[in-house]
Amino acid sequence: MPADKRGKDAIVLTDASIARGGRTIWSRGTFAIPTGSVTAIVGTNGAGKTTLMKAELGLLSLSGGSVRVLDRPAGAATRLIGYVPQSYTSEVDADLSVGQYVLLGVNGTRFGPRRTSPTERDHARRAMAFTGIGDRSEARLSELSGGLRQRAAIAQALAGRPRLLMLDEPLANLDLASQREIVHVLARLNRELGMTIQVVAHDLNMLLPILDGAVYLLDGHPHYAGIHEVMDSGLLTHLYGTQVEVVTTPQGEMFIQPSADAPDQGRHDLHSSSEIVNEHRHGRRTGAQA
Ligand SMILES: Nc1ncnc2c1ncn2[C@@H]1O[C@H](COP(=O)(O)OP(=O)(O)OP(=O)(O)O)[C@@H](O)[C@H]1O
């Protein structure tokens with residue numbers, strides 16, 4: 001990431017492990033995510049991406065180690081975090097107006113609505129303007145497209161004036177244009193407001209232009225690396241469990257694509273996942289690329 005974006009670490013995990021239903025989901029997570037960065041959380045279904053976000057939010061307790069967020073223990077920084085859960089808007093009352101829905105971000109949902117101050121209403125208005133839904137305040141949530149609903153969910157998270165924004169699969173089920181628009185909103189939040197952003201994502205391609213790094217859940221452990229390290233065919237093939245390639249265009253843009261050839265197990269099984277991770281830790285490229 002550029003030197004001017006570097007700051008104190010926003011999220012620090014130290015030997016962190018977590019269990020759900022008596023089963024360890026992941027363990028021995030040790031990494032630090034810089035303030036002002038945009039980070040993807042990637043891994044296969046059930047690898048524990050949402051679990052990681054919930055641990056950072058203090059909604060789930062660790063079974064070992066520690067997690068600090070914005071220089072506080074997890075759970076103590078909740079007011080400084082905007083969280084957009086997966087498919088959030090589909091679970092709320094679709095008869096709410098967009099304005100009412102976004103205001104929930106400042107007056108809270110836990111103890112029911114309360115009166116809002118002019119300052120809070122101003123924060124909500126600014127959040128709607130920033131996400132491009134300023135003119136939809138009176139519309140019902142049910143009248144909005146999926147893309148606009150996702151923007152409303154982001155506006156609600158922003159209305160509480162967070163320093164850290166966490167989004168769980170914000171691009172899921174959106175058409176290409178809507179995905180681009182959401183990525184554009186995230187890019188502006190990071191660039192113009194210096195917001196630290198974490199995004200759970202299955203498909204990295206759309207987010208690549210704005211990513212500084214990624215947490216990847218591999219082999220039962222979460223790891224963090226800069227995005228150029230993560231963009232490695234061998235690592236991503238292990239991560240996704242299917243052969244993929246990193247392609248670089250003549251303009252220098254990178255993207256991930258499934259291999260055109262039939263999967264060649266012999267090729268990508270040359271190294272175990274832990275060997276791949278170890279090689280990354282030591283800054284070498286993996287033999288699976290050779
Ligand atoms: N309430 C729960 N009680 C027990 N186990 C749970 C609970 N919620 C999730 N799990 C388990 O924890 C593991 C991690 O779930 P999590 O939702 O964090 O994965 P994920 O990587 O976000 O998956 P996906 O990509 O499918 O959204 C899964 O195996 C899941 O079955």
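Reckoned from all heavy atoms, side chains included, excluding hydrogens, waters and symmetry mates. In each ligand, atom 1 is the first atom listed, and ligand 1 is the first ligand listed. These figures come from a predicted structure and were not determined experimentally.
The shortest separation from a heavy atom of Gly48 to ligand 1 is under 4.0 Å, placing the residue in contact.
Test Asp168, Val215, Ile25, Ile41 against Lys49 for side chain to side chain contact (heavy atoms under 4.5 Å, CB included) and you get one pass: Ile41.
Checked by distance only, ligand 1 and Thr50 come closer than 3.5 Å through their nitrogen or oxygen atoms. Polar contact with ligand 1: absent for Ile25 (N/O pair, distance under 3.5 Å). The distance criterion of under 3.5 Å between nitrogen or oxygen atoms is met by Ala47 with respect to ligand 1.
Scanning all heavy atoms of the two residues, the minimum distance from Ser66 to Ala16 falls at O-CB, 3.9 Å. Contact detail for Thr196 and Ala10: the closest heavy-atom pair is CG2-CB, 3.9 Å.
Nearest to atom 5 (N) of ligand 1 among the protein's heavy atoms is Arg20 CB, 3.6 Å. For atom 26 (O) of ligand 1, the nearest non-hydrogen atom of the protein is Asn45 ND2, 3.1 Å. In terms of protein heavy-atom proximity, atom 25 (O) of ligand 1 is nearest to Lys49 NZ, 2.7 Å. At the shortest separation from atom 14 (C) of ligand 1 among protein heavy atoms lies Gly46 O, 3.4 Å.
Counting heavy atoms closer than 4.0 Å to ligand 1, residue Val200 contributes nothing at all. The part of Arg23 lying near ligand 1 is the side chain, judged by heavy-atom distances below 4.0 Å.
The 12-atom threshold is not exceeded at CZ of Arg180, counting heavy atoms of other residues, nucleotides or ligands nearer than 6.0 Å. More than 12 heavy atoms of other residues, nucleotides or ligands shown are found within 6.0 angstrom of NE2 on His202.
Ile81 CD1 to Met166 CE: the interatomic distance, rounded to the nearest 0.5 Å, is 4.5 Å. Between the CG atom in Leu167 and the OH atom in Tyr83 there is a gap of 10.0 Å [rounded to 0.5 Å]. Of the inter-residue distances, the one linking Arg151 atom CZ with Ser178 atom OG reads 7.5 Å to the nearest 0.5 angstrom. Rounded to the nearest 0.5 Å, atoms CE (Met206) and CG (Leu171) are 7.0 Å apart.
Every atom of ligand 1 is numbered from 1 in the order shown, and the set under 4.0 Å from a heavy atom of Thr51 is 14 (C), 15 (O), 16 (P), 18 (O). Short contacts between ligand 1 and Thr44, defined as distances under 4.0 Å to a heavy atom of the residue, involve ligand atoms 21 (O). For ligand 1, the atoms lying closer than 4.0 Å to a non-hydrogen atom of His202 are 25 (O).
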